[in-house]
Asker: 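One structure is given below, represented as structure tokens, and several questions about it will come after.
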There are 2 protein chains.
Amino acid sequence: MAAPATSKGEATRAAIFGAALELFRTHGYEATTMRAIAERAGVSLGSSYHYFPSKEHLILALYHHLHVLHREACAPVLARERSLAARLRGVLRAIVMTCEPFHEVSGSPFSTVADPRSPLNPFGAESAAMRREVIGLYAEVVRGSDAKLPAEVAAELPRLLWLYQMGVLYFWIMDASPGRLQTLELIDETADLIVRLVGLANLPLLRQSRRRALALVRAIAGNAPDN
Amino acid sequence: MAAPATSKGEATRAAIFGAALELFRTHGYEATTMRAIAERAGVSLGSSYHYFPSKEHLILALYHHLHVLHREACAPVLARERSLAARLRGVLRAIVMTCEPFHEVSGSPFSTVADPRSPLNPFGAESAAMRREVIGLYAEVVRGSDAKLPAEVAAELPRLLWLYQMGVLYFWIMDASPGRLQTLELIDETADLIVRLVGLANLPLLRQSRRRALALVRAIAGNAPDN
DNA sequence: GCCGAGAATTGAACGTGTTCAAGTCCCAGG
DNA sequence: CCTGGGACTTGAACACGTTCAATTCTCGGC
């Protein structure tokens, strides 16, 4: 995508990304023009396109930046908590907090989420690396918990929790409540509900449903451009 | 949005929408320019904007067009089937079939789905009328079924099924499998799973979860710009 | 038959993201 | 010190969605 070969190129790339970060945060995604980013970074319009093939690729870089912050924010919770519900709650609260400075801005870029051809599409090839990282984070959430899970459930759960996170973030984007309290309530309630449902899947009554659900998840995930 | 006052205006509006429909289907959303639509409709560029405030509003009109087709496609199934699972399956198969001609095209327009300010946002004010209609369709799905549902579940289920439909459509957009078979499998399996889960919600073991889940849904729906 | 008000229509002009051919800079190798 | 090539940089140019002041059309009321 953009691999500067010299240290000067590295600096230019960082300047462009920094300018974009600042302008996105203060003015929003759409109101920020590529010309304004270039000007603030002290480079020409064409130079920006040398490092980022499109405006959307700047958002991709922002995603990665936020993911790094999110991992750091998660670390204490994952080290401390052992119950699956608490770990889930902590990780989801952390992502909402991490993204908060970009809330007003998140609508437009997150919107391209549904376009299969967009680099921002979470299921696409260009976001595969990030997707693996996030799923890995949820694997850690599951692995470090004291929940008693059948192996086949534990194997598919991280991917499902990644989907769950996307759902929560989508809700968060729409959330206009003061202090984003609705999202926090949603997290508390659904994290709990998920853990209960996963626990119930052990009941004989639900065995068949569990088997079929797992088969479905595996069939679908098998066709995805994941690893 | 666009209310022609004369019959001539009505005809112009129809010509523009028809041209857009044809071009979207054959060339895709992004590849279709407003200039091309205007030319094919035999009007000037400015005229298009007199009837449709933006290119996205043409998609809004397309949504409505598809919804009408969907209702017609659903009618036989809803008249025939009584089991909730069969009704759900039928309605979801119908929408996938109805939208099929626009599959390659659906990515880009559906993508703006996440932008709170976009007229295409399913939770927004500009799509409130359509949202109510679709939720109404699912109310009919529930009402005409022989499923034994507690009143409070039956009250919230249509809204949740509308969400479910959006999830299925999102999957369908991404579905590259031949004949869209994966989506059909997803529909069959999840429709069944949903009905089982709803049925299980009557168990004493799940009473509390049900109560809390319903409270959450009500709290969230109360803040939405629905009616 | 004429008028006028409102609907319908026009196309030039604006700002945007993006492209690209041309230019400049840097430095390793001679 | 020169030179060549590759990284880097530039800004004009393009096509697009959108806006708007100006113009034309339509038709009911006199």
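Below, chains carry the letters A, B, ... as their sequence lines are ordered, and counting in each starts from 1.
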Asker: Considering non-hydrogen atoms only, spot the tightest contact between B:Ala73 and B:Pro76 and give its length.
Answerer: O-CD, 3.5 Å
Asker: Could you check whether the rings of A:His64 and A:His67 sit parallel, tilted or perpendicular, using 30° and 60° as the cut-offs?
Answerer: tilted
Asker: Using the side-chain heavy atoms of B:Tyr49, tell me which of these nucleotides is nearest: C:dT18, D:dT9, D:dG17.
Answerer: D:dG17
Asker: Here's a test of your reading of the structure: between B:Gly46 and B:Lys8, which maps to the more 5' nucleotide of DNA chain D?
Answerer: B:Gly46
Asker: Give the minimum heavy-atom separation between A:Tyr49 and A:Pro53, together with the two atoms involved.
Answerer: CD2-O, 3.6 Å
Asker: Roughly how many Å is it from CZ in A:Phe52 to P in D:dT9, rounded to a whole number?
Answerer: 12 Å
Asker: Nearest whole angstrom, please: distance from the C1' of D:dA15 to the CD of B:Glu30.
Answerer: 14 Å
Asker: Enumerate the residues from residues 15-25 of chain B whose closest heavy atom to DNA chain C is under 4.0 Å, giving them by residue number; use none for an empty result.
Answerer: none
Asker: For the side chain of B:Met34, counting heavy atoms from C-beta on, which of D:dT9, D:dG17, C:dA8 is nearest?
Answerer: D:dG17
Asker: Nearest heavy-atom pair of A:Ala86 and A:Glu81: which atoms, and what distance?
Answerer: CB-OE1, 3.5 Å
Asker: How close or far is atom C1' of D:dT26 from atom CD of B:Glu10, stated in whole angstroms?
Answerer: 16 Å
Asker: Just checking B:Thr32: base, sugar-phosphate only, or nothing, at a heavy-atom cut-off of under 4.0 Å?
Answerer: sugar-phosphate
Asker: Between C:dT10 atom P and B:Tyr51 atom OH, what is the distance in whole Å?
Answerer: 10 Å
Asker: From the list C:dA8, C:dT10, C:dA12, which nucleotide is the closest neighbour of the side chain of B:Leu45?
Answerer: C:dA12
Asker: Measure the distance from NZ on A:Lys55 to P on D:dC16 and round it to the nearest whole Å.
Answerer: 19 Å
Asker: Using distance alone, with no hydrogens and no angle criterion, decide if A:Ser47 and A:His50 have a side-chain donor and acceptor under 3.5 Å apart.
Answerer: no
Asker: Examine B:Lys55 relative to B:Tyr29 and say whether NZ or CZ is less than 6.0 Å from the centre of the six-membered ring and inside a 45° cone about the ring axis.
Answerer: yes
Asker: What is the separation between atom NE2 on B:His57 and atom P on D:dG17, rounded to the nearest whole Å?
Answerer: 16 Å
Asker: Go through C:dG17, D:dG17, D:dT10 for me and flag the one nearest to the B:Thr33 side chain.
Answerer: D:dG17
Asker: Does B:Trp162 have its ring centroid less than 6.0 Å away from the ring centroid of B:Phe123?
Answerer: yes
Asker: Are B:His50 and C:dT9 close enough that a side-chain N or O sits under 4.0 Å from OP1 or OP2?
Answerer: no
Asker: Could you state the atom-to-atom distance from CD of B:Glu56 to P of D:dC16 in whole Å?
Answerer: 18 Å
Asker: Taking atom C1' of D:dT10 as reference, at what distance in whole Å does atom CD of A:Glu39 sit?
Answerer: 15 Å
Asker: B:Ser54 side chain N/O closer than 4.0 Å to the phosphate oxygens (OP1, OP2) of D:dG17?
Answerer: no
Asker: Any N or O donor-acceptor pair under 3.5 Å from the base of D:dG17 to the side chain of B:Arg35?
Answerer: yes
Asker: Need one value for B:Ser47: base, sugar-phosphate or nothing, where a base atom within 4.0 Å counts as base even if backbone is also close, heavy atoms only.
Answerer: base
Asker: Compare every heavy atom of B:Leu62 with every heavy atom of B:Phe17, then report the nearest pair and how far apart it is.
Answerer: CE1-N, 3.6 Å
